[in-house]
Amino acid sequence: MYKVGITGSIGTGKTTIANIFALFKIPIFNADHEIKKILNNEKIKRSIKKIWPLSVKNSSVDKQKLKSIIFSNKNEKKKLEKLLYPVLNERKIRFEKKNSNKNILVYDIPLIYETKTSNLYDLILLTTCNLELQRKRVLNRDKISNALFEKIIKSQLSFDEKIKYKPRLINTNYPKLITLIKIVLLIIILTLRLK
């Protein structure tokens, strides 16, 4: 089983790349999607309400409120990670068991380097794009303020720090067709190598 990790800062195209792998029926573990599901778990919601009462309204987590809290204070972010990451890890283990007969598995995980888990992957793709394109994508998609965007960026390792780990770079500044071709070629190479 060959594990491909896709990582990079918010809005740099990780999910777009993961979706290309999915076109080839390669299983994808999307950490952000799993976290959203975990936040709907009743036990987790109760724990969040206990720690950050203002972030739960009408028995659902106000994700924007929670983001503004955790990205304003490193200690609060660590508390949330301590609460969510064990559950996320359980889901990741289940994903691997379910797909143990597959040659390639893909993990769309924004914080591979921040969580010091790069050793779990055979190949890491680091997505990148220019800051203004990144800002435009995130503000349009997530409907967050520019100030929150800046806080999120500052909470993650910089591109220069990530590049030291020698990942394979995927620049998403270009039209989607170019990214598609790059990833399709990579899939062909991996498939041939793993036969």
Side-chain angles (χ1 to χ4, degrees), residues 5-18 28-95 107-121 124-165 167:
I6 303 172
T7 196
S9 190
I10 186 171
T12 56
K14 295 179 296 297
T15 302
T16 298
I17 288 165
I28 311 296
F29 181 84
N30 184 309
D32 284 348
H33 290 175
E34 293 301 324
I35 289 290
K36 282 175 188 166
K37 290 179 198 170
I38 293 166
L39 288 172
N40 286 324
N41 175 289
E42 290 305 319
K43 186 180 171 189
I44 295 291
K45 279 194 277 190
R46 283 194 299 273
S47 297
I48 289 172
K49 188 169 185 173
K50 206 176 196 178
I51 304 167
W52 305 283
L54 298 175
S55 66
V56 178
K57 290 178 187 169
N58 303 323
S59 75
S60 66
V61 176
D62 181 338
K63 293 175 186 78
Q64 298 295 9
K65 183 73 180 166
L66 189 59
K67 275 183 188 175
S68 68
I69 293 168
I70 64 161
F71 288 111
S72 296
N73 184 315
K74 279 183 183 175
N75 290 331
E76 298 305 306
K77 186 171 179 281
K78 282 178 184 168
K79 278 188 214 169
L80 185 66
E81 288 169 352
K82 196 172 178 182
L83 183 66
L84 301 182
Y85 282 5
V87 184
L88 183 66
N89 199 46
E90 284 171 21
R91 288 174 178 241
K92 192 175 164 200
I93 291 165
R94 281 205 302 269
F95 165 81
Y107 301 79
D108 178 350
I109 301 183
L111 305 177
I112 286 176
Y113 294 123
E114 288 83 349
T115 55
K116 297 178 175 35
T117 55
S118 59
N119 61 313
L120 300 178
Y121 307 96
I124 295 180
L125 305 178
L126 175 61
T127 57
T128 183
C129 67
N130 73 59
L131 184 62
E132 285 318 305
L133 177 57
Q134 184 183 4
R135 186 189 315 275
K136 185 179 170 188
R137 285 174 180 170
V138 174
L139 270 53
N140 287 341
R141 181 191 70 194
D142 297 348
K143 308 294 183 226
I144 61 172
S145 67
N146 189 59
L148 181 54
F149 170 76
E150 292 293 340
K151 284 179 183 176
I152 293 169
I153 293 290
K154 284 180 182 149
S155 76
Q156 299 175 340
L157 287 177
S158 71
F159 177 77
D160 289 340
E161 289 169 302
K162 288 174 185 171
I163 203 74
K164 289 175 188 171
Y165 293 94

K.L.:
Surrounding CG of Asn119 (heavy atoms of other residues, nucleotides or ligands, distance under 6.0 Å), is the total greater than 12?
P.N.:
yes

K.L.:
Does Thr7 reach the main-chain N or O of Ile109 with its side chain, forming a donor-acceptor pair under 3.5 Å?
P.N.:
yes

K.L.:
For residues 47-58, which residue pairs pass the salt bridge (charged side-chain N to carboxylate O under 4.0 Å, His left out) check, not counting sequence neighbours?
P.N.:
Lys57-Asp62

K.L.:
Just to verify, what does Asn130 make a side-chain hydrogen bond (donor to acceptor under 3.5 Å, both in side chains) with, not counting sequence neighbours?
P.N.:
Asn173

K.L.:
With sequence neighbours left out, write down each residue that passes side chain to side chain contact (heavy atoms under 4.5 Å, CB included) with Ile93, or none if nothing qualifies.
P.N.:
Asn89, Lys97

K.L.:
Quick check: closest heavy atoms across Gly13 and Arg137, and the distance to 0.1 Å?
P.N.:
N-NH1, 3.8 Å

K.L.:
How long is the straight-line distance from CG of Leu84 back to CD1 of Ile70, given to the nearest 0.5 Å?
P.N.:
8.0 Å

K.L.:
Quick one: pull up OG1 in Thr12 and CD in Gln156 and give me the separation to the nearest 0.5 Å.
P.N.:
8.5 Å

K.L.:
Side-chain contact, heavy-atom cut-off 4.5 Å: Phe71 with Ile144?
P.N.:
no

K.L.:
Measure across Gly11 and Cys129 and return the closest heavy-atom pair with its distance rounded to 0.1 Å.
P.N.:
O-SG, 4.0 Å

K.L.:
Could you grab the distance from atom CG of Asn146 to atom CD1 of Ile153, nearest 0.5 Å is fine?
P.N.:
10.0 Å

K.L.:
Taking all non-hydrogen atoms of both residues, which atom of Ile69 and which atom of Ser55 are closest, and how far apart?
P.N.:
CD1-CB, 4.3 Å

K.L.:
So, using side-chain hydrogen bond (donor to acceptor under 3.5 Å, both in side chains) as the criterion, who are the partners of Ser68 when residues are at least two apart?
P.N.:
none

K.L.:
For the residue pair Val87 and Ile44, establish whether any side-chain heavy-atom pair is separated by less than 4.5 Å.
P.N.:
yes

K.L.:
Name all residues meeting the salt bridge (Lys or Arg N to Asp or Glu O under 4.0 Å) criterion together with Lys162; count only those two or more places apart in sequence or in a different chain, and write none if there are none.
P.N.:
Glu114

K.L.:
With sequence neighbours excluded, tell me which residues meet side chain to side chain contact (heavy atoms under 4.5 Å, CB included) with Ser59.
P.N.:
none

K.L.:
Can you confirm whether more than 12 heavy atoms, excluding those of Lys63, are under 6.0 Å from its NZ atom?
P.N.:
yes

K.L.:
Return the OG to CG distance between Ser118 and Leu126, rounded to the nearest 0.5 Å.
P.N.:
11.5 Å

K.L.:
Which residue pairs satisfy the salt bridge (charged side-chain N to carboxylate O under 4.0 Å, His left out) criterion with at least one member in residues 29-38, sequence neighbours excluded?
P.N.:
Glu34-Lys37, Glu34-Arg91

K.L.:
Please name the pair of heavy atoms, one in Leu83 and one in Ser47, separated by the smallest distance, quoted to 0.1 Å.
P.N.:
CD1-CB, 3.7 Å

K.L.:
How long is the gap from CG on Asn30 to OH on Tyr107, to the nearest 0.5 Å?
P.N.:
13.0 Å

K.L.:
Given side-chain contact (heavy atoms from CB on, under 4.5 Å), test Thr16 with Thr127 step by step and report yes or no.
P.N.:
CA-CA 10 Å; Thr16 298; Thr127 57; over 6 Å; no

K.L.:
Tell me every residue that passes side-chain hydrogen bond (donor to acceptor under 3.5 Å, both in side chains) with Tyr121, counting only those two or more places apart in sequence or in another chain.
P.N.:
Lys92

K.L.:
Go through the steps for Tyr85 and Thr115 under the test side-chain contact (heavy atoms from CB on, under 4.5 Å), then give the verdict.
P.N.:
CA-CA 10 Å; Tyr85 282 5; Thr115 55; 3.8 Å; yes

K.L.:
Just grab all the ring-ring contact (aromatic ring centres under 6.0 Å, His included) pairs involving residues 28-54, residues at least two apart or on different chains.
P.N.:
Phe29-Phe95

K.L.:
List in chain and number order the residues that pass side-chain hydrogen bond (donor to acceptor under 3.5 Å, both in side chains) with Thr15, two or more places apart in sequence or in another chain; answer none if no residue qualifies.
P.N.:
Asp108

K.L.:
So which pairs with a foot in residues 68-79 pass salt bridge (charged side-chain N to carboxylate O under 4.0 Å, His left out), sequence neighbours left out?
P.N.:
Glu76-Lys79, Lys77-Glu81

K.L.:
Name all pairs fulfilling the salt bridge (charged side-chain N to carboxylate O under 4.0 Å, His left out) condition that reach into residues 139-159, sequence neighbours left out, sorted by first residue then second.
P.N.:
Arg135-Glu150

K.L.:
Nearest 0.5 Å please: distance from the CD1 atom of Ile152 over to the CZ atom of Phe149.
P.N.:
8.0 Å

